[in-house]
Amino acid sequence: MPEDLRPQIPLTRDATRAFNIACEEIEGYEADDIIATLACQARDLGGRVTIISSDKDLMQLVGDGVEMLDAMKNRRIDVDGVREKFGVDPGRVVDVQALAGDSVDNIPGAPGIGIKTAALLINEFGSLEELLDRAEEITQPKRRETLIEKREQIEMSKRLVQLDCKTPLDFTLDDLEVRDPDPDMLLGFLAEMEFRTLSKRIADALGKDAPVIPEPTAQAAEDAPKAPDWPGIEPEAYTRVSDMATLDGWIATIRAQGFVAIDTETTSLNEMQADLVGISLATAPGTACYIPLGHKDGASDDLFGSDTLASGQLPMQDVLDALKPVLEDDAILKIGQNMKYDAKIFAGHGLKIAPIDDTMLMSYALHAGEHGHGMDTLSERYLSHDPIPIKSLLGSGKSAITFDRVPLDEAVKYAAEDADITLRLWHIFKPQLHRARVTTVYETLERPLVPVLARMERHGVKVDRETLRAMSGKFAQKMAGLESEIHELAGRSFNVGSPKQLGEILFDEMGLDGGKKGKTGAYATGADVLEDLATEHELPARVLDWRQLSKLKSTYTDALQDHIDPDTGRVHTSYVQTGANTGRLASTDPNLQNIPVRSEEGRRIREAFVAEPGNLLVSLDYSQIELRILAHVAQIDSLKQAFRDGQDIHAMTASEMFNVPMDEMTPEVRRQAKAINFGVIYGISGFGLARNLRIPRSEAQGFIDRYFERFPGIKDYMDETVSFAKEHGHVQTLFGRKIHTPEISAKGPRAGFARRAAINAPIQGSAADIIRRAMIRMPAAIEGLPCKMLLQVHDELIFEVAEDSIGRLIEVARDVMQGAADPAVHLEVPLVVDAGQGANWAKAH
DNA sequence: CTAGAGCGCTCG
DNA sequence: GTACGAGCGCTCTAGC
């Protein structure tokens, strides 16, 4: 192959894919067989089998791995056998299969056990050497011949795997060229991996036709609605369950096949307030039912005598008792769309639900950045079907009714359709996860987080209403004073809360300079504009003060009171797992991830977040996690070393850039360096930095140029990330989470946005993955301690802890957080977690 | 009367 | 025309 065709692009950071690559390089040899054979023979020869995986649960299987391989080779696995032999339930086995990549064949009753599980088992090299040396001694003729015949290829495979093993999977195409590749095979491989540009260049150089690689969108369409055998979605055909015998029939079917799609209908979107109204089940596409439990007779506005149950329903407790063994049976997979909601509803009735799959999260793992993950979107996109709009049942606005007032026949169609759609989506997404190599992400970063978040949300955080009420009153007073002051300065009365009116006052009536109209023709009156104006006039300064108070009062001290649950006296936020494309969570109803902290006055709102008597709040937060990740992924030695040495990273950056010795550092220089460091994470631009630092653009550009000069790896990282995005249509985190970048090759200003987002996503996303891993491991780690994990704020976890256990909690939780990247990713920088504690959140921070 | 866009502000 | 990622309250307008 010509020299210039060996670009130094990182091939992959995905364990499964990397391993497949290694195996596929060995012509005509199945990955399964290589690994299964080697694993078994290594054991025969007294070698050890090790595993490379990011999944802790899977690690537990390692000890039994070899034995499991034997069983699988002989196709002797059944559900009971698996459970008995390995203490693993089929739900777990689904994990294992999924992690391993393609399944070879499914064994009835234990969906997804495939021999490729073996693909995760890799021999330790010492024993492999010995194995190869002594291949002739192996007794089974077939294995002996195989090993001898393929020894050369195995050597190569080993070398590739070895590269794979050092630090996770960081080898280049050069590393793959350990022999003359068969051009067709190489092109086929590149096509399969969807290396568009590269495969075309290589094909050109070799005088061959470039392989046809479907565009991602076309691929998605091809993957999508291929279900000729499925009946259409016909809401009329669904069953209403109104006697226990019928319910028993459904349960029997579910038990026999080991999975069911499930959906709950309630009276509220707020799970803490919601009453269960009915449950729908789907066992096959087109086969779904609805079990009404809490539908009411009478009009919703009839205050008296309207709360009688409608006839034709089953007693709720009877149904829950019957479903309990199904919901809690770890051999039955429960499939839902946004299962956290249903899990919380069931938890309200004392029921656990596990194991689960969640189509919303599957879509997120597959398509983050491409489209939304709500059921309506997914149904339309993958099933070409518009579901019955909930509004058609409930109405909207003031006249909206709750689901318990929906007539049974209408409810059956709507509710059962949801379960049917969910099941169909599951059938579609499941194989897609493998093909896109994001099963590990789904299995280890998405699905296990559901019960963790559900628990945190149900715990809630105690908020002191009196504190908030007092603050609201104080703010109202101050605002009233400011308002009359502002009106006086303006010469007339107007709505201070209206940017439009304010702009007219400032720029038209008072004639101040600097009025710039935005897209809609209104003057911009943002804080930065008002701050500039404040030097010439008093009014804008007063407006800024008013706005701060207005924000604090309306968004925080007022609104937060409305979110205190009357039953628990606590505030129960809801985390949206698919909220941010990067893998971050979003917090809603209320958002507890943007409680003020930067201003002194705002920070006092945190005093209202308190611990129960005898407890304190403890906050643990990652220090500079995104910069640490940047240092790692961009391989900046000086930054990595600075973090290892525990240096002040912004000061160090400043010192490096401006040639200021560390002991002569000034706050101003450090501040600028800090802004640059953040800018780098955000996909720096001269314009953005200039605006942030309020310096001329040329000066900002000078800073950036000097930064890139001193840290050349950063520029390389940025360029590589962007070209990776252009090549693949996505970027990925250290843990293999993919964030799609559909507009990376767009023209015009959108290209800039897409470029910066692509640069930022692996950094922000890797940090998000790390804290997710910590959260998932946390319940087991703190078990037995009198504490609860309450909140997550991107790089921070907040606990409520009994006073006498605080030391222990900090120790344990810090360990989990600092080790959260291990063992999947070996970070070359330490993760540092700071801790604080106090009677309220202000003190804990 | 309701829904949605736009603005502005809060956080990491 | 631009720093990355979010959610929410208010105002204003379009449309039922």
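In what follows, chains carry the letters A, B, and so on, assigned in the order in which the sequence lines appear, proteins first and then strands, with residues in each chain numbered from 1.
Among the nucleotides dA3(C), dT11(C), dG12(B), the one closest to any side-chain atom of Ser498(A) is dT11(C). Proximity note for Arg606(A) (side chain, C-beta onward) versus dG7(C), dC11(B), dA3(B): the nearest is dC11(B). Of all nucleotides listed (dT10(B), dA6(C), dT2(C)), dA6(C) comes nearest to the side chain of Asn581(A). Between dG12(B), dA3(B), dT11(C), one nucleotide has an atom nearer to the side chain of Val793(A) than all others, and that is dG12(B). Between dA3(C), dG9(C), dC7(B), one nucleotide has an atom nearer to the side chain of Ser554(A) than all others, and that is dG9(C).
A cation-pi arrangement is found for Arg756(A) relative to Phe753(A), the charged atom lying closer than 6.0 Å to the ring centre and inside a 45° cone about the ring normal. A cation-pi arrangement, defined by a distance under 6.0 Å to the six-membered ring centre and an angle within 45 degrees of its axis, is present between Lys517(A) and Tyr523(A).
Side-chain contact, Ser472(A) with Thr557(A): a donor N or O sits under 3.5 Å from an acceptor N or O. In this model, no donor atom of one side chain and acceptor atom of the other lie less than 3.5 Å apart for Gln273(A) and Ser268(A).
No side-chain heavy atom of Thr573(A) sits less than 4.5 Å from a side-chain heavy atom of Asn591(A).
You won't find any donor-acceptor pair under 3.5 Å spanning the side chain of Arg755(A) and the base of dT2(C), going by distance alone.
Nucleic acid contact for Glu796(A): none, since no nucleic acid atom lies under 4.0 Å from a heavy atom of the residue. Counting non-hydrogen atoms under 4.0 angstrom, Asn692(A) reaches a base of the nucleic acid. Using a 4.0 Å heavy-atom cutoff across all strands shown, Ala690(A) reaches no nucleic acid atom at all. Within the 4.0 angstrom heavy-atom criterion, only backbone atoms of the sugar-phosphate kind lie near Tyr556(A); the bases stay farther away. Gly679(A) comes within 4.0 angstrom of a base, heavy atoms only. At the heavy-atom level, Leu689(A) lies under 4.0 Å from base atoms of the strands shown. Looking at heavy-atom distances under 4.0 Å, Ala675(A) makes contact with a base. Among the protein residues, Gly683(A) comes within range of no part of the nucleic acid, since none of its heavy atoms lies under 4.0 Å from any strand.
Between dG1(C) and dC9(B), the two P atoms lie 23 Å apart (nearest whole Å). The separation of dT2(C) from dG8(B), taken at their P atoms, amounts to 13 Å, rounded to a whole angstrom.
Between the CZ atom in Phe507(A) and the CG atom in Leu502(A) there is a gap of 7.5 Å [rounded to 0.5 Å].
Contact check of residues 590-603 of chain A against DNA chain C (heavy atom, cut-off under 4.0 Å) returns Asn591(A), Asn594(A).
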CA sep, side-chain torsions, deciding dist, call: Tyr707(A), Phe703(A), ring-ring contact (aromatic ring centres under 6.0 Å, His included) = CA-CA 6 Å; Tyr707(A) 185 92; Phe703(A) 285 179; over 10 Å; no
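Toward the 5′ end of DNA chain C lies the nearest nucleotide of Thr582(A), the other residue of the pair Thr582(A) and Asp589(A) mapping further downstream.
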